[in-house]
Engineer: 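I am attaching a structure below and will ask some questions about it afterwards.
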There are 2 protein chains.
Amino acid sequence: MIGPEGMPAADAAPAGGETVPGLDRSLIEGLPAFAGMRPQELDRILAGAHAARFAKETAIFEQGAEATSFFFLLDGHIRVVRNTAEGQQVIARYINAGELFGIAAAIGRDTYPASAIAAVDCVALVWPTGLWADLASRYPGFGAHAYRTLGQRLQETQNRVMEMSTEQVEQRVAHALLRLVRQSGRKVEGGIEIDFPISRQDIAEMTGTTLHTVSRLLSGWENAGLVRGGRQKVTVTDAHGLLLIAEGRRKK
Amino acid sequence: MIGPEGMPAADAAPAGGETVPGLDRSLIEGLPAFAGMRPQELDRILAGAHAARFAKETAIFEQGAEATSFFFLLDGHIRVVRNTAEGQQVIARYINAGELFGIAAAIGRDTYPASAIAAVDCVALVWPTGLWADLASRYPGFGAHAYRTLGQRLQETQNRVMEMSTEQVEQRVAHALLRLVRQSGRKVEGGIEIDFPISRQDIAEMTGTTLHTVSRLLSGWENAGLVRGGRQKVTVTDAHGLLLIAEGRRKK
DNA sequence: CGCTGTGTTGAATGCCGTCAACGTCGGTGG
DNA sequence: CCACCGACGTTGACGGCATTCAACACAGCG
């Protein structure tokens, strides 16, 4: 985990945050997105960025807004949300520390296709969109990593379409939980806990169901000893058992 | 439409087809994917490719196979299909003439994430995967177009997730039909026809439902004068009426 | 100490998947 | 050319899963 230590607080920062002088290359060196770069290249990349804090439950950018920046999450967890014309919302994915996000520029868009909400207090690097082409071409490894990320997200999204097409709600929720603990899990005694606050409603919006159904399923699983619930908290205590449900091979 | 005329037939070609000498740059000049390139650049790009024919209902590549090539569809329509572990299949999208496909290389994959099946007889340009990095960096416009395409597909896929999360089957099928006629429609008297053979089962696999439900819906819409059906054929006769259904604003 | 957001649980409705049977078209081979 | 056969399509009946409606419990916070 990348801590915000030494990061000057920029409370109530405007979207895009405030410029923070003296970003240290140790923040990003060794991370996959910046692999294989020499120290002075890292400095050059950081020279175009500033760091910003985003308080829990604030929007980092909004769906439909002009894509003025792209981001790299240093610390925290972000919820990417899409709103339908009718006002319903769907959670597209969660972003973890170490991932690029808001890279509309990379795919030639000029507005953000979704909103990004800080699930907890977050710290991110922010670059102006105009720097994308420059960075991607000057540091091919960086661009390649970004496009690989994009490809992975496309594939994950298609997996989700497949799940929604072929599986029952119970299996989809189980799959979603397993994905969450794999991508954002934190070991605690007795299981793996999802590392950020997540409500039944959130899980419902990830799986295309209702909070009622999610609540019922979690209650049942808790009785069966597969998970432990809590307010905006889920701990998986028997990942293997949950996998059986996810794959529809449960006994009953 | 780009015709296969003058294209030497390469029946029973292996995946990847047979090399066809003398590809003419007129095949691709003026197309968005190759916009802004000088004639000799087009020739250079074509020098690395060969053209191949793929007979209707044959596989151009298979999910999980090593990604040895990437493709540009000159003529025809391609069905991109993903298979679940349990043997069910889901149609990820259709590819039309003028689109790149099989670009696993662009996102750093070494196997194809889905299968590509020729929905009709097709003609495609084929490049070895190893040429991707070269082409994308030497001709930035080409790379940018490919990544834009990728981004559009990601967004379409996410739209589909939203539809499956928030809409009823009836609306999803209506949306799917509208998308098909918009992307692959051919004007006929009395409406717009989907330009390739498509069965009720295919539509079901696009929308996460069953052929029975699709059949019932199409029958109903035919009685209401919105579409005309046929064996592996659908013609939309009242796109506006269908849009009302798609958006859930139908009278009854 | 009340208010709001979150979570739980019961009951009823209904969409749509499943099962079943039949009809129809088109290609193929005799 | 015609008969056959398999793929595709239609329609009815039934039932189950999950949403919807409703009521209540509980926690955190001002």
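Chain naming here is simple, since letters A, B, ... match the order of the sequence lines and numbering starts at 1 in each.
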Engineer: Measure from CD on A:Glu57 to P on D:dG28 and round the result to the nearest Å.
Structural biologist: 17 Å
Engineer: Over how many whole Å does the gap from B:Arg228 atom CZ to D:dG9 atom P extend?
Structural biologist: 17 Å
Engineer: Considering only NZ, NE, NH1 and NH2 on the basic side and carboxylate oxygens on the acidic side, decide whether A:Arg186 and A:Glu193 come within less than 4.0 Å.
Structural biologist: yes
Engineer: Identify, with sequence neighbours excluded, every residue that meets salt bridge (charged side-chain N to carboxylate O under 4.0 Å, His left out) alongside A:Arg82.
Structural biologist: none
Engineer: Show me the pairs that pass ring pair (Phe, Tyr, Trp, His ring centres under 6.0 Å) and involve residues 150-183 of chain B, at least two apart or across chains.
Structural biologist: none
Engineer: For the pair made of CD in A:Gln171 and P in C:dG17, what is the distance, rounded to whole Å?
Structural biologist: 15 Å
Engineer: Rounded off to whole Å, could you give me the CZ-to-P distance for the A:Arg172 and D:dC17 pair?
Structural biologist: 14 Å
Engineer: Run the side chain to side chain donor-acceptor pair (under 3.5 Å) test against B:Arg216 and tell me which residues pass, sequence neighbours left out.
Structural biologist: none
Engineer: Tell me whether the OP1 or OP2 atom of D:dT20 has a side-chain N or O from A:Thr210 closer than 4.0 Å.
Structural biologist: no
Engineer: Give me each pair satisfying side-chain hydrogen bond (donor to acceptor under 3.5 Å, both in side chains) with a member in residues 198-207 of chain B, each pair once, sequence neighbours excluded.
Structural biologist: B:Gln89-B:Glu205, B:Ser199-B:Asp202, B:Gln201-B:Glu205
Engineer: Which residue pairs satisfy the salt bridge (charged side-chain N to carboxylate O under 4.0 Å, His left out) criterion with at least one member in residues 217-235 of chain A, sequence neighbours excluded?
Structural biologist: none
Engineer: Once ring pair (Phe, Tyr, Trp, His ring centres under 6.0 Å) is applied, do any residues pair with A:Phe70, and if so which ones, sequence neighbours excluded?
Structural biologist: A:Trp127, A:Trp132
Engineer: Once you round it to whole Å, what is the distance between C1' of D:dT10 and CD1 of B:Ile203?
Structural biologist: 14 Å
Engineer: Could you list all the ring pair (Phe, Tyr, Trp, His ring centres under 6.0 Å) pairs where at least one residue sits in residues 73-92 of chain B, not counting sequence neighbours?
Structural biologist: B:His77-B:Phe196
Engineer: Across nucleotides 5-14 of chain C, 5' to 3', mark each nucleotide with B, S or - according to how protein heavy atoms within less than 4.0 Å reach it.
Structural biologist: BSSBBBB---
Engineer: Tell me the bend of the helix from C:dC1-D:dG30 to C:dG30-D:dC1 as the angle between end helix axes, each from five pairs, rounded to the nearest 10 degrees.
Structural biologist: 40°
Engineer: Starting from P on C:dG17, measure out to CD on A:Glu167 and report it in whole angstrom.
Structural biologist: 15 Å
